[in-house]
Amino acid sequence: MKIHEYQARNLFRKYGIPVPDGDVCHSMDEVKQKVSDDDKLRVVKAQVHAGGRGKAGGVKLAKTKAEAIAAAEQILGMTIKGLTVEKVLIADAVDIEKEYYFGLINDRNTKSVTLMASAEGGVEIEEVAKVSPEKIIKMAIDPTMGLMDWQARKIALQLFDEPSQIRQAASIFVKLYQLYVDTDSSLAEINPLVLTPDKKVLAIDGKMNFDDNALFRQRKILQMREVNEDEAKEIEASAKGLSYIKLDGNIGCMVNGAGLAMATMDMIKLYGGNPANFLDIGGSSNPEKVVDAMNILLSDSNVEAVMINIFGGITRCDDVARGLVIALDEIKTEIPIVIRLSGTNAKEGLEIIRKKGLPTVSTMSEAAKTAIELSKK
Amino acid sequence: MSILINKNTKVIVQGITGRDGAFHTSKMKAYGTNIVGGISPGKGGIEVEGVPVFNTVEEAVQTTGANASVIFVPAPFAGDAILEASYAGVELVICITEGVPVQDMIKVTPVLKQNGTKLIGANCPGLITVDECLIGILPGMIFKKGNVGLISRSGTLTYEVVNMLSNNGLGQTTCVGIGGDSVSGLYYIDLLEQYEKDPETKAVVLIGEIGGDAEEQAAKYIKEKMTKPVVAFIAGQSAPPGKRMGHAGAIISSGSGTAEEKIKAFAAAGVPVAKEPSEIPGILKEKLG
């Protein structure tokens with residue numbers, strides 16, 4: 001789960017990580033009300049779940065109150081990477097002497113939370129990692145001890161020169177780690193972390209993602225969730241025990257198992273088609289689940305053919321077939337469907353489907369080819 | 001021979017009184033797995049599927065001499081279940097549970113190391129040594145005895161491939177589903193090492209997915225250390241970046257973890273990569289000569 005920059009800032013504040021003053025606004029009325037009368041340098045930033053906001057014109061500097069209002073007017077309602085900007089953050093701009101990067105991430109290789117820090121802040125850290133990986137300091141954190149003060153100091157010493165700056169930075173590192181662990185975060189970044197001319201260390205921009213598996217125990221984080229239309233569909237699916245991701249193609253796929261679902265999409269691509277979605281219905285023959293899955297799948301108006309790919313393991317194909325028949329009776333769609341069943345009791349399952357007059361095949365490749373053909377009719 | 005488990009493995013089931021725990025206990029028993037006990041705190045003394053139930057893993061291990069445990073408890077308690085098994089001295093722990101928080105897995109990692117516990121999963125289908133021992137939720141009937149080893153991050157895709165292997169006369173030694181989470185127990189390299197040592201295994205099938213760089217590391221390991229042929233398949237070639245494809249681990253982030261990179265790494269290591277699962281048996285037969 002992702003949150004906006006202003007939400008990350010609020011969490012930073014709560015944990016004592018210094019951020020410049022600022023406010024989030026949802027409308028122009030709110031902007032006019034919240035921006036104070038004094039003419040100071042401000043930064044107006046679009047709050048959307050997309051990278052590259054600056055390049056898209058979603059971040060503007062304003063020297064006066066009037067300029068701040070004008071900037072907000074331009075940014076509110078604009079689209080960045082297909083997302084409409086519904087909120088702006090208006091924060092005090094600070095003078096910057098130097099920019100740094102600081103981040104925490106769950107690292108699969110060390111099986112720990114790994115800290116990353118760099119004196120090359122403000123830019124895309126992925127670029128730094130690719131071009132000059134030696135400029136990124138990395139450290140795996142022992143989960144039993146957490147980020148110890150001396151470790152935080154050791155990192156800060158490599159980035160800052162003066163004792164007061166080292167103290168400020170180390171304290172920010174320890175606080176961010178605490179926030180990360182307390183909230184079951186999966187990524188926390190301060191980019192840039194800045195040093196001001198009056199030698200203050202501040203977090204200028206923040207990004208936090210959270211582990212979806214841990215949201216059951218993170219109620220406060222879950223309350224921050226804001227979703228767009230596509231995400232709403234994905235969340236609706238997950239509430240029904242389905243895993244759904246909308247894609248751009250025209251062949252809807254319904255598969256049991258995530259790996260097989262990915263392999264199914266790949267196969268459609270391999271034979272020159274284009275998958276409309278990723279949809280994993282899990283290991284159940286429950287007709288209701290199939291109905292839910294079909295409804296979600298067909299709510300995408302781009303879908304011109306459907307490929308159902310089931311490998312029966314513990315769940316028997318004949319049970320799945322019975323579920324499919326009940327579900328398809330209920331749905332009644334004009335869109336052509338091809339069903340592939342394999343594995344346990346596949347023969348019996350295919351017989352049930354065939355009696356229903358639906359096209360069946362026994363291999364994935366055949367199913368993909370058939371679905372592509374059907375989509376062209 | 002085989003790897004990790006065989007007919008002498010004594011298995012306990014954590015969460016045996018739950019719906020999935022009880023169902024799969026009966027399936028595992030039917031396959032011939034030596035299930036010696038189950039754990040359900042507060043329900044010690046009863047029997048489930050003819051298996052004695054204990055209150056703690058420690059008690060179960062002391063009474064039965066169990067050396068493997070399979071976990072079916074709900075996600076919020078799975079991390080603790082792994083810890084309990086590890087501290088009770090269980091050598092091999094298989095966590096089937098899906099949706100375990102990453103921080104919980106990170107916390108158990110140093111404990112596993114300290115106690116010398118091997119973990120498979122979480123969010124995995126388990127493993128099988130054909131005709132000897134099945135631990136987890138794999139459909140036993142699709143496997144045939146033979147000399148191919150298999151490691152996979154996914155579930156049904158594994159069954160799909162195993163079914164093709166069996167139908168093409170390519171039986172298996174041990175097949176392991178390592179799970180689809182980003183932080184999990186044993187990984188490709190740990191298992192490749194074991195397959196390399198196992199005299200019965202003549203070739204290995206590796207089924208990977210997008211996300212992370214475990215496949216790249218495996219490719220490097222194969223090139224440097226393996227003498228046995230390995231055939232690979234990578235799922236998720238058509239997956240867009242930034243979207244989690246069902247498995248918590250299957251996500252392409254900022255241009256890394258793509259299928260393309262993994263396929264390139266395998267090619268550089270001389271490991272053939274099947275374009276679609278149905279190519280695997282053919283390539284394997286060629287490699288086995």
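Reminder, nothing fancy here: chain letters follow the sequence lines and each chain counts from 1. All of these numbers come straight from a predicted model, not from anything done at the bench.
Of the N and O atoms on the side chains of B/Q172 and B/S166, at least one donor lies less than 3.5 Å from an acceptor on the other residue. In this structure, a donor-acceptor pair under 3.5 Å is absent between the side chains of A/D184 and B/Q103. Residues B/E215 and B/Y188 bring a donor and an acceptor atom of their side chains to less than 3.5 Å of each other.
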Decide yes or no on side-chain hydrogen bond (donor to acceptor under 3.5 Å, both in side chains) for A/N250 and A/N274, but give the supporting numbers first.
CA-CA 6 Å; A/N250 62 345; A/N274 221 341; over 6 Å; no
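No more than 12 heavy atoms of other residues, nucleotides or ligands lie within 6.0 Å of CD in B/E260, so this atom counts as exposed by the packing criterion.
Heavy-atom neighbours of chain B within the stretch residues 263-270 of chain A, taken at a separation under 4.5 angstrom, comprise A/A263, A/M265, A/D266, A/M267, A/K269, A/L270.
Contacts of B/I207 with chain A are absent, with no heavy-atom separation under 4.5 Å from either backbone or side chain. Within the 4.5 angstrom heavy-atom criterion, only backbone atoms of A/D107 (N, CA, C, O) approach chain B. Interface remark: B/P125 contributes no atoms to any contact with chain A (heavy atom separation under 4.5 Å). Neither the backbone nor the side chain of B/E98 comes within less than 4.5 Å of any heavy atom in chain A.
B/Y159 and A/F311 have tilted rings, their planes meeting at an angle from 30° to 60° on a 0 to 90° scale.
Residue pairs that meet the salt bridge (charged side-chain N to carboxylate O under 4.0 Å, His left out) test with at least one member in residues 100-113 of chain B, sequence neighbours left out, are A/R217-B/D104.
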